Amino acid sequence: MRLPTTLLFLTLAGSGALAAPAGVVDRFEILSTQDAYNGATPAGAAGPYVVITAIVHGRLDPAHPDNAGIVDLPLAPRDADGWVHYSTDATVLRPKRAADARRILFYDVVNRGGRLGQGVFIGGGSLTDGAAPGAEFPSLLRRGYTVVWSGWQGDIAQTGRGASAALGTRFPVATAVDGKPLTGMSREEFIPDQAGGGHMLALGYPPASPDDRSEVAFTARASWLNAKGEADYASSPSAPVTDWQYLTRPDGTVAVRFTPPAALPLAGGGTAPPDGGTIYSFVYRAAEPRVAAIGFAAVRDLLSFLKSSPADAQGRPNPLNDMKAAPCAAGKDCPTDPAGNFDVVLGEGTSQSGRFLRDFLYRGFNRAADGRPVFDGLLAIIPGARRTWTATRFAQQGRWSRQHEDHFMQGDQFPFSYTTLTDPVSGRTDGLLQRCTADNTCPKIMQIDGSFEWWGGRASLNVTDGAGHDVPLPANVRYYFVPGTQHGGGSGVTTGLVTPPATGSQCQFANSPVTMTPFERALLLAMENWVVQGAAPPPSAYPSVASGQLAAPDAASLGFFAPAALPVTIAVPGGGDGGPTSLTIAGVGRLNPLFVTDHADAVPRVQLDKPYRLLVPRLNADGNEVAGIETPEVKVPLATYLGWNLRGKGHTEGEGCSASGGVIPLAVDEASRSPADPRPPLSARYRGRADYIAKFSAATDALVARGLLLPLDAEHVLHANGARVSPRLLPRP
């Protein structure tokens with residue numbers, strides 16, 4: 001039986017809490033506990049692991065100031081105590097015996113319900129019946145971590161199968177004070193080649209009145225650019241979509257089925273037929289908004305419970321209570337009677353999940369009920385300078401702004417930096433850490449971005465202001481840049497052979513293969529040592545204005561190839577079929593521009609007189625970026641590696657190609673090099689295959705020495721990849 005709220009407060013106060021909690025775990029419902037990996041012990045771990053599958057039933061006080069950032073929480077249904085209920089999926093991967101653990105809790109923020117960190121930091125196969133992480137993989141299970149995942153995104157349905165399926169939520173729907181449904185204008189976007197093709201647009205919220213089309217504005221356009229080349233909603237030319245109807249699908253959700261218009265007006269004049277890259281914008285009156293920002297509090301309260309609470313509000317014991325007997329995080333001088341189950345909570349999120357962590361901090365949710373930090377250390381991976389579209393009515397948390405796709409979705413306005421500053425563009429003063437600085441709950445933070453985040457995610461705003469001046473990082477923040485990478489990186493440069501995309505492909509160039517994940521694993525270990533031991537992590541590594549390593553995003557400023565000679569057609573060394581092909585380079589990528597934008601209404605209002613100055617990493621004579629972590633794939637190149645790509649024919653040609661990077665191979669020798677290609681061929685760089693491998697290996701070993709690469713990853717990823725270079729490019733001696 002649930003403890004009355006007053007008794008619950010007294011219980012928490014007696015255990016050290018300083019104030020009434022903003023939220024509690026009412027019931028931690030364990031659905032199953034089973035051996036992980038069929039009982040096999042992960043390589044290097046002290047013992048086997050178990051998987052706990054659960055549903056977290058939470059309660060929130062809508063009047064508590066720590067919940068003030070949860071939009072519409074006061075309009076959600078309440079219980080007899082005046083609190084709001086919700087539930088989320090949760091999965092815990094923990095050592096079977098506490099003696100084999102360390103008192104470190106690792107929270108991997110799920111991405112659209114998926115456990116991205118499982119492949120990057122844990123390894124192995126399915127948590128329950130897959131292969132255990134092997135001897136070649138530097139799994140964090142070797143270090144005795146307990147790992148937690150839970151749902152936070154309001155539009156991902158709760159399944160109760162978090163160990164094998166998406167982790168979702170069941171959040172309440174807000175209603176008006178008089179009990180009537182809440183409605184409001186909302187906007188959906190649809191691009192066929194991003195949604196599997198077809199002409200069916202799924203709606204995140206049901207229409208308030210399916211029979212009323214009077215407020216609907218349905219348009220189609222080739223691009224967001226207007227005649228001046230500015231990204232604008234109001235002045236970018238569009239055509240109306242008149243042939244459409246609502247369709248209720250078998251799962252009860254509503255979609256819009258439509259026929260494209262015959263032609264689209266172009267910003268430079270003329271028309272073009274719709275194609276796979278056409279942007280469809282559907283503005284309508286929606287109903288039944290979920291209280292999406294509960295997701296922040298759900299993470300806060302779950303981690304606080306697992307770390308510090310002996311039981312949930314109904315008196316059921318915390319399944320991690322035995323961790324009090326585990327070796328402490330430091331491994332020595334451990335207290336005999338620790339206050340909680342864990343000494344340290346580390347968090348990590350990639351892409352959408354990294355944006356969630358930035359938003360979590362900004363909105364003040366890193367403060368637990370006892371006044372201490374929820375997270376002691378955070379690793380935000382490839383978020384760029386964005387946050388999420390969560391803390392608004394009719395939020396769409398899966399959306400994120402790119403140059404072409406979802407460009408005007410929310411989550412990309414000031415503040416951008418961890419440093420509190422006055423924005424020279426909007427005039428506002430703020431920073432991601434302003435709230436946690438005020439209540440002394442800021443964690444240690446690392447952020448790692450690749451090249452795409454600078455082109456597509458406005459990453460320069462992390463370290464420069466809106467006018468393009470350097471901004472220093474706070475002492476508790478480190479920032480790292482991995483050059484030559486697309487969003488999330490690739491699988492690694494191996495043979496060096498490149499197969500250009502087939503005719504009709506979405507992107508013009510083959511994707512960049514430069515990898516990122518080995519550096520993420522090394523930085524997580526550095527984060528642990530920073531938090532637990534106080535050991536300084538590797539210094540930040542990113543381009544700055546002062547160093548001369550940042551430039552405007554145009555060919556002349558970057559020194560990209562020979563700007564006066566563009567476009568350039570070059571020969572591409574034999575790809576997958578061994579035959580030579582050609583590639584035409586007409587210029588640099590499309591930057592994802594940004595203006596001060598008012599998102600108060602469904603249709604964004606762009607202030608074209610208030611642009612942000614966005615910069616990108618400068619290039620060397622090879623077209624490769626010169627700053628950041630000196631990954632051997634870029635330092636010892638077989639190609640030019642780009643953080644951008646361009647859309648191909650049939651996909652709004654010339655626009656930015658989603659989250660892709662690109663690769664432009666180097667010529668094999670002088671005879672095959674195009675006269676317009678200024679880059680020396682491979683034969684002028686390396687004295688054959690052995691020389692390339694030696695240089696690649698030396699660059700790899702240098703990163704190990706600097707703490708930016710783990711020895712296992714050096715051996716089994718980078719050294720192994722470098723040794724696979726093709727004899728077609730570099731002959732054997």
Side-chain angles (χ1 to χ4, degrees), residues 71-72 75 112-113 151 153-158 166 168-176 180-221 224 233 238-261 274 276-295 352 388-402 405-411 599-604:
V71 174
D72 286 340
L75 298 178
R112 294 165 179 82
Q153 188 173 331
D155 55 357
I156 303 294
Q158 181 179 297
T169 65
R170 185 174 294 161
F171 290 165
V173 170
T175 59
K180 294 181 179 179
L182 278 176
T183 70
M185 299 304 293
S186 184
R187 186 176 74 87
E188 298 279 356
E189 186 175 300
F190 175 82
I191 298 176
D193 62 22
Q194 293 289 293
H199 300 111
M200 183 87 70
L201 185 158
L203 298 180
Y205 298 90
S209 177
D211 298 325
D212 183 1
R213 298 165 59 123
S214 62
E215 293 183 282
V216 172
F218 196 0
T219 55
R221 51 177 47 82
W224 291 113
Y233 192 100
S238 65
V241 180
T242 57
D243 182 10
W244 65 270
Q245 51 274 328
Y246 289 120
L247 176 68
T248 301
R249 300 190 292 188
D251 63 359
T253 60
V254 179
V256 176
R257 185 166 52 196
F258 66 94
T259 301
T278 297
I279 303 168
Y280 295 92
S281 182
F282 187 81
V283 181
Y284 71 114
R285 181 166 292 279
E288 301 178 18
R290 292 175 296 273
V291 187
I294 284 177
Q352 179 205 37
T388 63
W389 185 0
T390 297
T392 63
R393 185 174 292 174
F394 295 111
Q396 297 181 45
Q397 295 162 284
R399 303 280 192 179
W400 57 300
S401 172
R402 283 151 286 171
E405 303 89 357
D406 284 348
H407 178 78
F408 285 114
M409 299 304 175
Q410 297 187 42
H599 288 286
D601 298 321
V603 173

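The shown structure was predicted, so the numbers you read here are calculated from the model rather than taken from an experiment.
Taking all atoms of both residues into account, the shortest heavy-atom contact from A208 to T183 is CB-CG2, 3.7 Å. Smallest separation of non-hydrogen atoms from P240 and P261: O-CB, 3.8 Å. Of all non-hydrogen atoms in F394 and L182, the two that sit nearest each other are CZ-O, 4.2 Å. Contact record, A293 with V71: CB-N, 4.1 Å, taken as the closest heavy-atom pair. For I156 against R112, the heavy-atom pair with the smallest separation is CD1-O, 3.9 Å. Of all non-hydrogen atoms in L247 and R257, the two that sit nearest each other are CD2-NH1, 4.1 Å.
No side-chain heavy atom of H199 sits under 4.5 Å from any side-chain heavy atom of T259. Between P207 and V254, the closest side-chain pair of non-hydrogen atoms falls below 4.5 Å. Counting heavy atoms from C-beta on, the side chains of I294 and P172 come closer than 4.5 Å. Counting only heavy atoms from C-beta outward, the side chains of F408 and R187 approach each other to under 4.5 Å.
Checked by atom type and distance alone, the side chain of D601 never pairs as donor or acceptor with a backbone atom of V603 at under 3.5 Å.
Rounded to the nearest 0.5 angstrom, T390 OG1 and Q397 CD are separated by 4.0 Å. Atoms CH2 and OG, from W389 and S401 in turn, are 11.5 Å apart once rounded to the nearest 0.5 Å. Rounded to the nearest 0.5 Å, atoms CZ (R402) and CE (M409) are 9.5 Å apart. Rounded to the nearest 0.5 angstrom, D193 CG and E405 CD are separated by 7.0 Å. Separating the OG1 atom in T278 from the CD1 atom in I191 is a distance of 8.5 Å, to the nearest 0.5 Å.
Tested against F282 for a ring pair (Phe, Tyr, Trp, His ring centres under 6.0 Å), the candidates Y205, F190, F218 yield a single pass: F218. For the ring pair (Phe, Tyr, Trp, His ring centres under 6.0 Å) criterion with F258, the lone passing option out of Y246, Y280, W244 is Y280.
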Quick one: do E189 and S281 satisfy side-chain contact (heavy atoms from CB on, under 4.5 Å)? Show the steps, please. CA-CA 5 Å; E189 186 175 300; S281 182; 5.6 Å; no
Verdict with supporting geometry, Q396 and E188, side-chain contact (heavy atoms from CB on, under 4.5 Å): CA-CA 9 Å; Q396 297 181 45; E188 298 279 356; 3.2 Å; yes
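No more than 12 heavy atoms of other residues, nucleotides or ligands shown are found within 6.0 angstrom of CZ on R170.
Contacts classified as salt bridge (charged side-chain N to carboxylate O under 4.0 Å, His left out) and involving residues 278-293 (residues at least two apart or in different chains) are given here: E215-R285.
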